[in-house]
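The structure under discussion appears below in the form of C-alpha cells.
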Amino acid sequence: MKYGKLILEKKEYVMIKRLLNLTNDYKDSTQKVSLTKFAKEMESAEILDDDKMPDDVVRINSEITIATKDGWSYTFQVVLPAESNNSQKKISLLLPMGAAVLGYAKNDSISWTFPGGDKDITILDVKQNNITKLNIA
C-alpha cells in the first residue's frame, strides 16, 4: 500500500460514513462482508482536505483501471449508488468492486472478496474526473 493506509477526502469520508450507516441490512453476504471490511479500513484512514489529496488516490468519480495476475483487466468509474450503471462502467462505491478500491492509490495491490470469490487486484491507473468532482455542502 503506497500510503500505508486508505486516503480519503474529508467531505467524501462524511458522505461514505452516512451511506454505510444506512446499509447495515444488506442480505447479500458478499456485499455485507465487503462493506464491513471497508468500514474497518476507514477507521484508520487518513482524512485530507480536497486540496491535499494526491492525484493517484481513488476517489468518488475517479476512473480507474485494475488488473489481476491472470491477465484480466477492467476500467470503470467509482460513483455514488444513485449513479451506478453497469453498461456505462459506473460502479457504486457500495458494491464490492467500488469498496475494494476507494482510498487506495495507483500501483496498490488489494486482496478482496468478490461475488466470484477472493481476488488479488492491482490498480494500474487512476484518473480524476475534475468536471464531476463530488460537491457536498
Side-chain angles (χ1 to χ4, degrees):
M1 183 179 244
K2 181 176 183 178
Y3 296 105
K5 57 180 133 183
L6 293 187
I7 306 289
L8 298 169
E9 193 275 334
K10 189 185 303 182
K11 291 177 184 176
E12 293 179 11
Y13 174 80
V14 171
M15 170 70 74
I16 294 164
K17 289 288 278 183
R18 286 182 192 154
L19 288 169
L20 289 175
N21 285 336
L22 296 173
T23 58
N24 289 336
D25 297 329
Y26 272 112
K27 291 182 176 33
D28 180 86
S29 63
T30 304
Q31 192 164 12
K32 192 171 197 157
V33 166
S34 181
L35 293 177
T36 300
K37 182 176 179 180
F38 181 51
K40 184 83 172 147
E41 287 185 338
M42 285 182 62
E43 291 174 9
S44 62
E46 184 172 352
I47 312 303
L48 300 175
D49 289 326
D50 184 59
D51 62 340
K52 304 286 189 221
M53 285 294 295
D55 284 338
D56 64 345
V57 170
V58 178
R59 302 177 60 177
I60 297 172
N61 291 324
S62 294
E63 182 179 297
I64 69 166
T65 301
I66 60 169
T68 60
K69 290 179 184 175
D70 61 6
W72 177 85
S73 67
Y74 188 62
T75 300
F76 63 97
Q77 185 178 16
V78 179
V79 296
L80 293 170
E83 299 170 15
S84 184
N85 184 320
N86 282 340
S87 65
Q88 295 178 358
K89 296 186 178 182
K90 293 184 176 188
I91 306 295
S92 168
L93 63 93
L94 295 180
L95 292 176
M97 186 66 75
V101 298
L102 205 58
Y104 282 90
K106 181 178 179 177
N107 297 322
D108 280 348
S109 291
I110 306 151
S111 294
W112 208 262
T113 301
F114 297 100
D118 293 348
K119 286 274 186 202
D120 293 329
I121 59 172
T122 300
I123 300 173
L124 299 180
D125 194 28
V126 178
K127 293 179 184 169
Q128 301 304 334
N129 188 346
N130 293 325
I131 296 168
T132 60
K133 256 192 182 171
L134 189 61
N135 230 346
I136 304 171

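Everything numeric here is computed off the predicted structure, so don't read it as measured data.
- Nearest heavy atoms, Leu8 versus Gly103: CD2-CA, 3.9 Å.
- Rounding to the nearest 0.5 Å gives a distance of 7.5 Å between OG1 of Thr122 and CG of Asp120.
- Nearest heavy atom pair, residue Gln128 against residue Val126, reads NE2-CG1, 3.5 Å.
- Counting heavy atoms from C-beta outward, Tyr74 and Ile64 have side chains that stay 4.5 Å or more apart.
- Between Ile121 and Val101, some side-chain heavy-atom pair lies under the 4.5 Å cut-off.
- Going from atom NZ of Lys119 over to atom CE of Met97 covers 9.5 Å, rounded to the nearest 0.5 Å.
- The two residues Ser34 and Trp112 have their closest heavy-atom pair at OG-NE1, 2.7 Å.
- Remark: Tyr13 pairs with no residue by the ring pair (Phe, Tyr, Trp, His ring centres under 6.0 Å) rule, at least two apart or across chains.
- Going from atom CD1 of Ile91 over to atom CD of Gln77 covers 10.0 Å, rounded to the nearest 0.5 Å.
- No more than 12 heavy atoms of other residues, nucleotides or ligands shown are found within 6.0 angstrom of CG on Asp55.
- When every heavy atom of Pro81 is checked against every heavy atom of Ser92, the shortest pair comes out as CA-OG, 3.5 Å.
- Smallest separation of non-hydrogen atoms from Leu35 and Leu94: CD2-O, 3.5 Å.
- For the atom pair Leu124 CG and Asn107 CG, the distance stands at 7.5 Å (nearest 0.5 Å).
- There is no path of hydrophobic side-chain contacts, each under 4.5 Å, that joins Val79 to Phe114.
- Between Lys106 and Lys2 the shortest heavy-atom distance is O-CD, 4.3 Å.
- Cluster partners of Tyr3, using a side-chain heavy-atom cutoff of under 4.5 Å among ILVMFWY residues and allowing indirect links, are Ile7, Leu48, Met53, Val57.
- Put simply, the side chain of Leu6 does not reach to within 4.5 Å of the side chain of Leu102, judged on heavy atoms.
- By the 4.5 Å heavy-atom criterion applied to side chains, Leu80 and Asn61 are not counted as neighbours.
- A distance of 13.0 Å separates CG of Leu93 from CZ of Arg59, quoted to the nearest 0.5 Å.
- Lys11 is not listed as a side-chain neighbour of Ile60, based on a closest heavy-atom distance of 4.5 Å or more.
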Identify all side-chain donor-acceptor contacts of residues 37-45 below 3.5 Å with residues at least two apart in sequence or on another chain.
unit_1 : atom_1 : unit_2 : atom_2 : d
Lys37  : NZ     : Ser111 : O      : 2.6
Glu41  : OE1    : Tyr104 : OH     : 3.4
Glu41  : OE2    : Tyr104 : OH     : 2.7
Ser44  : OG     : Glu41  : O      : 3.4

